[in-house]
There are 2 protein chains.
Amino acid sequence: MFKFAAQYENQPMKRDLSTEEKIKAAAKKVFMTKGFDGCSVRDIAKEVGSNVSLLNYYFRSKEKLFELIFEGAMSDFLQSMIEVFSSDLTLKEKTTLLIEKEFDFFLEHPELPMFILQAIHQNKSGAPMPSHFFEPIAKTGIFQQLEAAQASGEIRQISLRNVTILLMSNVHYPFMSKKLTQQFHGIDAETLDQDLRAHKAYVKEMLINFLFPQNQTV
Amino acid sequence: MFKFAAQYENQPMKRDLSTEEKIKAAAKKVFMTKGFDGCSVRDIAKEVGSNVSLLNYYFRSKEKLFELIFEGAMSDFLQSMIEVFSSDLTLKEKTTLLIEKEFDFFLEHPELPMFILQAIHQNKSGAPMPSHFFEPIAKTGIFQQLEAAQASGEIRQISLRNVTILLMSNVHYPFMSKKLTQQFHGIDAETLDQDLRAHKAYVKEMLINFLFPQNQTV
DNA sequence: AGAAAAATTAAACGATTGTTTAAATTTTGG
DNA sequence: CCAAAATTTAAACAATCGTTTAATTTTTCT
């Protein structure tokens, strides 16, 4: 009889999970580079070095497998925000730290922002993203902190949403546009990475100066 | 015998091009929303309200049709740059005008930045983009103007490439992330469009202040 | 009006898609 | 050690993919 893998059963058995993990790793790699529509389950199976049916055995369907990969990616994608927003810092300090961490993270995982935005953009089901993705951010109290900072005049009068767009624009797009930038300027990958490392400082200075205008060091 | 449509022949005949244009319009719509891999030629044919073979009759293949749509989109994508850079203005004026025009344009065509970056990102052939896309920009002399502005101290010491990334980040990403932003903040499309119209002013002020630090109005 | 050319359609092509079935192999637990 | 369970494989499923063929309709030009 056909049975699904360990983690879907009520009484999971201790098993070698390496196959399942290998499939997840392969799926992540293939989905990230080719996209959901741009690859077949056989592409993933070939990357695993194994049979197609194994994917359905462990993950039921291509769609389910993708959702799993997407949720993991989304978690990584938001991780820095949650960490920084949860810390005990001023808004200005948090902004600096966030830019710092996001750049460091995306320098190591440059394909993530494009993967996330692309998946959301072509979300086939049309279903909105589960709220549990964004709830952890709201729970950090960052929104209240921003409201308070506006009341006290620490930060410029600007809507939370515009702040978000400014931040994300400057920390996500540079990595989403790597290929475009390379071809536009005719440079190699290493040169661009140097530019991106330098870019971190520019973004920090620009955003801090814009969002926290009166730079009183007193 | 099988013959290809008018514009591919040596001696084109005057013909009703409305069908060909209808296919291009449908293809643009479908490719923009679903992506090359996310749609079938039958999706496009259905959008046209006609037969599948017509697409191959006029455009030889799905890939050729896509290339045509992509080139048109790329042309639109770069149009504002070429116009502004060709004008007879100072660098600061050009920066302001470019942001203004890009925002106005992408407010009307918000799906364009994602389409372009996504197409470049998953470029199957691996071939670099034809140089005729970017040449018109170089020919405006904008690069020399920027070098001169750096020498004279009009603009901050920052590489041309970092300037480009800063500009593109702030004028492209806000439209690429529309769905993410909407779901993140739980707002409707109209509210977000208001935010984006307001965002234009923020981006202008922020980038001008950063790139042209000594704001001497003398 | 009538023959030639162009446009459009219907049908089919082989290849590939995601998924399922059933058999074979390996691992587990008594 | 051996039956039962879990894992892996090979093969096939119907559906859809991009494309082509051939027939039909429409348009063009004399």
Side-chain angles (χ1 to χ4, degrees), chain A residues 1-27 30-31 34-70 119 122 124-125, chain B residues 1-27 30-31 34-70 119 122 124-125:
Chain A
M1 182 49 193
F2 191 88
K3 298 209 75 202
F4 281 108
Q7 81 273 31
Y8 296 121
E9 297 301 313
N10 290 334
Q11 304 188 353
M13 320 202 67
K14 29 193 164 180
R15 279 218 138 272
D16 180 22
L17 286 184
S18 74
T19 299
E20 196 171 331
E21 293 303 320
K22 259 189 272 180
I23 294 177
K24 277 209 270 189
V30 175
F31 281 142
K34 301 197 186 185
F36 179 81
D37 294 321
C39 73
S40 68
V41 289
R42 283 169 179 84
D43 290 336
I44 300 175
K46 185 173 294 179
E47 179 76 26
V48 183
S50 177
N51 200 286
V52 216
S53 1
L54 260 192
L55 309 196
N56 285 333
Y57 177 71
Y58 280 103
F59 302 100
R60 310 187 110 92
S61 73
K62 183 189 183 187
E63 219 163 29
K64 288 267 201 310
L65 176 56
F66 181 82
E67 282 169 17
L68 204 75
I69 300 300
F70 175 77
Q122 299 192 354
K124 295 183 158 48
S125 72
Chain B
M1 183 48 194
F2 191 87
K3 298 208 75 204
F4 281 107
Q7 80 272 33
Y8 296 120
E9 296 300 313
N10 289 334
Q11 304 190 351
M13 321 201 67
K14 31 193 163 180
R15 279 221 138 269
D16 180 22
L17 286 184
S18 74
T19 299
E20 197 172 329
E21 292 303 320
K22 259 190 272 180
I23 294 178
K24 278 209 269 187
V30 174
F31 280 143
K34 301 195 184 185
F36 179 81
D37 293 321
C39 73
S40 68
V41 289
R42 284 169 179 84
D43 291 336
I44 300 175
K46 186 174 293 182
E47 179 77 25
V48 182
S50 176
N51 199 286
V52 216
S53 0
L54 259 192
L55 309 196
N56 283 336
Y57 177 72
Y58 280 103
F59 302 100
R60 308 186 112 91
S61 74
K62 183 190 182 186
E63 220 163 30
K64 288 267 201 309
L65 177 55
F66 181 82
E67 282 170 17
L68 204 75
I69 300 300
F70 175 77
Q122 299 192 352
K124 295 183 159 46
S125 72

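Throughout, protein chains are lettered first and strands after them, A, B, ... in sequence-line order, and every chain is numbered starting at 1.
Partners of A:Lys34 under the salt bridge (Lys or Arg N to Asp or Glu O under 4.0 Å) rule, at least two apart in sequence or in another chain, are A:Asp43. Looking at residues two or more places apart in sequence or on another chain, you find a side-chain contact (heavy atoms from CB on, under 4.5 Å) between A:Asn51 and A:Ser53. Listed by chain and residue number, A:Lys29 satisfy the side chain to side chain donor-acceptor pair (under 3.5 Å) test with A:Glu47 (two or more places apart in sequence, or in another chain). Legend: residues meeting ring pair (Phe, Tyr, Trp, His ring centres under 6.0 Å) with A:Phe70, ordered by chain and number and at least two apart, are absent. Partners of B:Lys124 under the salt bridge (Lys or Arg N to Asp or Glu O under 4.0 Å) rule, at least two apart in sequence or in another chain, are B:Asp37.
For B:Tyr58 and D:dT20, the OH to C1' distance is 18 Å, given to the nearest whole Å. For A:Phe66 and C:dG18, the CZ to P distance is 13 Å, given to the nearest whole Å. A straight line from CG of A:Leu55 to P of C:dT20 spans 13 Å, rounded to a whole angstrom. Atom CG of B:Leu54 is separated from atom P of D:dT24 by 18 Å (rounded to the nearest Å). Remark: P of C:dT8 and NZ of B:Lys22 are 8 Å apart, rounded to the nearest angstrom. The NZ atom of B:Lys64 sits 10 Å away from the P atom of D:dT20 (whole-angstrom rounding). As rounded to whole Å, 12 Å separates atom P of D:dA5 from atom OH of A:Tyr57.
With D:dG18, C:dT19, C:dA7 as the candidates, the nucleotide lying closest to the side chain of A:Asn56 is C:dT19. Of the candidates D:dA10, D:dT21, C:dT19, D:dA10 carries the atom nearest the A:Ser53 side chain, counting heavy atoms from C-beta on. The B:Lys62 side chain lies nearest to D:dG18 when the options are C:dG18, D:dT8, D:dG18. Nearest nucleotide to the A:Val41 side chain, out of D:dG18, D:dA10, C:dT19: C:dT19.
Listed in residue order, the members of residues 42-50 of chain B having a heavy atom less than 4.0 Å from DNA chain C are B:Arg42, B:Ser50.
In this structure, B:Val48 and B:Leu54 have side chains that are not in contact, with every pair of non-hydrogen atoms separated by 4.5 Å or more. Residues B:Lys24 and B:Tyr58 have side chains not in contact (no heavy-atom distance under 4.5 Å, counting atoms from C-beta outward). Between A:Phe31 and A:Lys62, some side-chain heavy-atom pair lies under the 4.5 Å cut-off.
In plain terms, the two heavy atoms of A:Leu65 and A:Ala27 that are nearest each other are CD2-CB, 3.7 Å.
Axis angle across the helix from C:dA1-D:dT30 to C:dG30-D:dC1, with five pairs used at each end and values rounded to 10°: 10°.
An OP1 or OP2 oxygen of C:dT17 is reached within less than 4.0 angstrom by a side-chain nitrogen or oxygen of A:Ser40.
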